[in-house]
*Asks:* 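Below is the structure I would like to discuss, written out as structure tokens.
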Amino acid sequence: MQQFHSLVDYAKDFSLLYVEDDLMLQQETKTILERIFKKIDTASDGEEALELFKSNHYDLIITDIEMPRLNGLEMSKEIKKLNSEIPIVIVSAYSNTSYFLEAIEIGINYYILKPMDITKLIDTLYDIAKLIHERVLAEEYRKVEFAKKVNSANVKLLDELIKISPNPVVVLKESGIAFINDAFRALFTSEELQQLLNSEILLHNLLNQKISVDDVMKDSSGFIDHFDLHFNSKEGEHSKISLKTAYGRKIFLLIKSTLELSGENNYIYTFNDITIVEYQKVQLSNYSNYMSELTYSKYCLNEQESSHDIINKVVF
């Protein structure tokens, strides 16, 4: 009984393909198997079973040998070509040695004689279900270990890319600060940088909220002036930020991107220096305004002079 309960625990999510041409025996056996497996498909011959296997997923197969159109061994041979790992249980009334040898050659390791002993069936299915379960666990472990190696390689690569980046870069993850490159460190004095790194709230405000100097630094030497725009958390969003740095006033285009490493989101903030561009925009705007005012003034003056000349030349 304990073996049966253990079998149910292992096989409760498995799908079974049961192939038997004796319809009465097929139905009787299926009634027993339905207490074990989540899904059972039945077929009455090897050809029908082969078509079912090609279009569905099964964890194991139980099949008779002597059947019309395609016998159990021929069917098993074709199925093994498609999936060499699928466990197949042969159930047969024949104890012919040639059948055993052919079954072994095909890769079938499980053979039960009819009339079927239910205890023998349970023991055999338990061995198969345990093997499948252990195989699944091994595959999951392999995937986890592979993912760890890939993530470790990605972290190292990300670290190297950030280090050599000429732009200031900050990488945050849900558990805290991941990376800060030398270009970011160089923006601030040692005291300012220490204050920034010691306060995750301060760093969060710097990167994610519209803030003023008074909200962050209570003294007049605060190095954060303001955000021109609110910088939200959407992928690819950007904002302008004005900072008082060790090199003087700088304006940056702050770009955020997301990278998943080790199952945790990493938020990469890249500071792109646009100070010269912004100052040029201001200069161009001022120049445009100046030219507009100059043109307007000259046009109005010329218009006024022309009007006076006309009035003076008119004789009443």
*Asks:* For the atom pair CD (E34) and NZ (K39), what is the distance rounded to the nearest 0.5 Å?
*Replies:* 13.0 Å
*Asks:* Over all heavy atoms of both residues, which pair between L73 and I90 is shortest? Give the atoms and the distance, please.
*Replies:* CD2-CD1, 4.1 Å
*Asks:* Grab the two heavy atoms, one from E85 and one from K80, that are nearest each other, plus how far apart they are.
*Replies:* C-NZ, 4.5 Å
*Asks:* Taking the side chain as everything from C-beta on, heavy atoms only, tell me whether I40 gets closer than 4.5 Å to T42.
*Replies:* yes
*Asks:* Tell me, with the steps shown, if Y126 and S6 meet side-chain hydrogen bond (donor to acceptor under 3.5 Å, both in side chains).
*Replies:* CA-CA 7 Å; Y126 172 79; S6 298; 5.0 Å; no
*Asks:* In plain terms, say whether E78 and K81 are close enough for a salt bridge, that is, a side-chain N and a carboxylate O under 4.0 Å apart.
*Replies:* yes
*Asks:* What orientation do F252 and F271 show, parallel under 30°, tilted 30 to 60°, or perpendicular over 60°?
*Replies:* perpendicular
*Asks:* How long is the gap from CZ on R135 to NZ on K130, to the nearest 0.5 Å?
*Replies:* 14.0 Å
*Asks:* So if you build clusters from Ile, Leu, Val, Met, Phe, Trp, Tyr with side-chain heavy-atom gaps below 4.5 Å, do V19 and L82 land together?
*Replies:* yes
*Asks:* What pair of heavy atoms forms the shortest contact from N181 to S165, and how long is it?
*Replies:* ND2-O, 3.6 Å
*Asks:* Are M24 and I32 linked, directly or through intermediate hydrophobic residues, by side-chain heavy-atom contacts shorter than 4.5 Å (ILVMFWY only)?
*Replies:* no
*Asks:* If two hydrophobic side chains count as joined below 4.5 Å and joins carry through other members, does V136 share a cluster with L60?
*Replies:* yes
*Asks:* Say you draw a straight line from CZ of F53 to CG of L17; how long is it, rounded to the nearest 0.5 Å?
*Replies:* 8.0 Å
*Asks:* Pick from I118, T119, I36, D9: which one makes a side chain to side chain contact (heavy atoms under 4.5 Å, CB included) with F4?
*Replies:* I36
*Asks:* Kindly state each residue pair satisfying salt bridge (Lys or Arg N to Asp or Glu O under 4.0 Å) with at least one member in residues 112-128, sequence neighbours excluded.
*Replies:* E20-K114, D64-K114
*Asks:* Can you tell if the side chain of V91 reaches within under 4.5 Å of the side chain of T63, non-hydrogen atoms only?
*Replies:* no
*Asks:* Walk me through whether F14 and I132 qualify under side-chain contact (heavy atoms from CB on, under 4.5 Å).
*Replies:* CA-CA 10 Å; F14 289 177; I132 295 173; 3.5 Å; yes
*Asks:* Take S44 and E48 through the side-chain contact (heavy atoms from CB on, under 4.5 Å) test and state the conclusion after the steps.
*Replies:* CA-CA 7 Å; S44 300; E48 180 187 358; 3.9 Å; yes
*Asks:* Is any side-chain heavy atom of Y111 closer than 4.5 Å to one of I104?
*Replies:* no
*Asks:* If you round to the nearest 0.5 Å, how far is CG of N83 from NZ of K54?
*Replies:* 14.0 Å
*Asks:* Which is it for I128 and D59 under the side-chain contact (heavy atoms from CB on, under 4.5 Å) test, yes or no, and what are the steps along the way?
*Replies:* CA-CA 10 Å; I128 295 172; D59 295 288; over 6 Å; no
*Asks:* Assess whether side-chain contact (heavy atoms from CB on, under 4.5 Å) is satisfied between N272 and I255, documenting all intermediate values.
*Replies:* CA-CA 8 Å; N272 299 272; I255 300 176; 3.6 Å; yes
*Asks:* side-chain hydrogen bond (donor to acceptor under 3.5 Å, both in side chains) for Y18 and D41? Distances and angles first, verdict last.
*Replies:* CA-CA 6 Å; Y18 177 41; D41 286 341; over 6 Å; no
*Asks:* In this structure, would I106 and L113 fall into the same cluster of hydrophobic residues linked by side-chain contacts under 4.5 Å?
*Replies:* yes
*Asks:* If every non-hydrogen atom of P68 is compared with every non-hydrogen atom of D45, which pair is closest and at what distance?
*Replies:* O-CB, 3.2 Å
*Asks:* Does anything in residues 267-276 form a salt bridge (Lys or Arg N to Asp or Glu O under 4.0 Å)? List the pairs, not counting sequence neighbours.
*Replies:* K250-D273
*Asks:* Do the non-hydrogen side-chain atoms of I112 and V89 ever get within less than 4.5 Å of each other?
*Replies:* yes
*Asks:* Are any non-hydrogen side-chain atoms of Q27 and L23 less than 4.5 angstrom apart?
*Replies:* no
*Asks:* What's the spacing between I268 CD1 and S257 OG if we round to 0.5 Å?
*Replies:* 4.0 Å
*Asks:* State, to 0.1 Å, how close E74 and N71 come at their nearest heavy-atom pair, and which atoms those are.
*Replies:* N-OD1, 2.8 Å
*Asks:* Does NZ or CZ of K256 lie under 6.0 Å from the centre of the six-membered ring of Y267, at an angle within 45° of the ring axis?
*Replies:* yes
*Asks:* For the hydrophobic clusters of this structure (ILVMFWY residues joined by side-chain heavy atoms under 4.5 Å, transitively), does one cluster hold both L16 and V8?
*Replies:* yes
*Asks:* Would you say CD of E105 has more than 12 non-hydrogen atoms from neighbouring residues, nucleotides or ligands within 6.0 angstrom?
*Replies:* no
*Asks:* Just how far is it from atom CE of M75 to atom CD1 of I88, taken to the nearest 0.5 Å?
*Replies:* 6.0 Å
*Asks:* Find out whether I180 and V171 are in side-chain contact, i.e. whether some heavy atom of one side chain is under 4.5 Å from a heavy atom of the other.
*Replies:* no
*Asks:* Identify the heavy atoms of A129 and L7 that sit nearest to each other, and give their distance.
*Replies:* CB-CD1, 3.8 Å
